[in-house]
Amino acid sequence: MAKQLVKSGLIGATAGIALSYIAAIVMSLWLQLGYFQAFPTTLPERVGGEMNAVLLQTAVCLLLGAGIGVAWRLMRRKGWPLRKRTLWASAGLVISILAALGLAVGMLK
């Protein structure tokens, strides 16, 4: 079970980073900027540079994607009652969201 959770977490983390990149492309096209904007314009000023902004955004998307991947695997677990699957999946999602928020708030100060 642990191998499956790690595998699902890695797949989710990869998907989270990919979706972040796709969202940045779509927003750059929608805003008709004429260039690629990977993050909001005020973020580098708040975190101390463009590299920190990219690292922060990537880490937050990685954590959220991994949490969703693990929750997805837990919800598909056979042999557990629905209440137990839902409880563990919800706990995993809440932990990943809190970790992502903690990282973001820590970098923004």
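In this text the structure is predicted, and so the values were computed from the model without any measurement.
The closest side-chain heavy-atom distance from L101 to V60 is not below 4.5 Å. Between V6 and L10, some side-chain heavy-atom pair lies under the 4.5 Å cut-off.
The shortest non-hydrogen separation linking M75 to L82 is CE-CD1, 4.2 Å. When all heavy atoms are compared, the tightest approach of R77 to R85 is O-CD, 3.0 Å. Heavy atoms only, all atoms of each residue included: N52 and V47 are closest at ND2-O, 3.1 Å. Shortest non-hydrogen contact noted between I25 and F36 is CG1-CE1, 3.6 Å.
A distance of 12.0 Å separates CD in Q37 from CG in L29, rounded to the nearest 0.5 Å. Going from atom CG of L93 over to atom CH2 of W72 covers 13.5 Å, rounded to the nearest 0.5 Å. Atoms CG and SG, on L19 and C61 in that order, are 8.5 Å from each other to the nearest 0.5 Å.
Following chains of ILVMFWY side-chain contacts shorter than 4.5 Å, one can reach L56 starting from L63, so the two form part of one hydrophobic cluster. A single hydrophobic cluster is not seen to contain both L64 and V94; linkage of ILVMFWY side chains at heavy-atom distances under 4.5 Å, directly or through other members, places them apart. I17 and V54 are members of different hydrophobic clusters when ILVMFWY side chains are connected at heavy-atom separations under 4.5 Å.
Remark: R73 engages S8 in a side chain to side chain donor-acceptor pair (under 3.5 Å) (not counting sequence neighbours). Contacts of E50 classified as side chain to side chain contact (heavy atoms under 4.5 Å, CB included), with partners at least two apart in sequence or in another chain: F39, P44.
Looking at T58, its side chain never comes within 3.5 Å of a backbone N or O of L55 through a donor-acceptor pair. No donor-acceptor distance shorter than 3.5 angstrom exists from the side chain of S20 to the backbone of G16, with no hydrogens or angles considered.
Other members of the hydrophobic cluster containing M27, listed by chain and number, are W30, L31, L33, Y35; membership follows side-chain contacts under 4.5 Å among ILVMFWY residues, whether direct or relayed.
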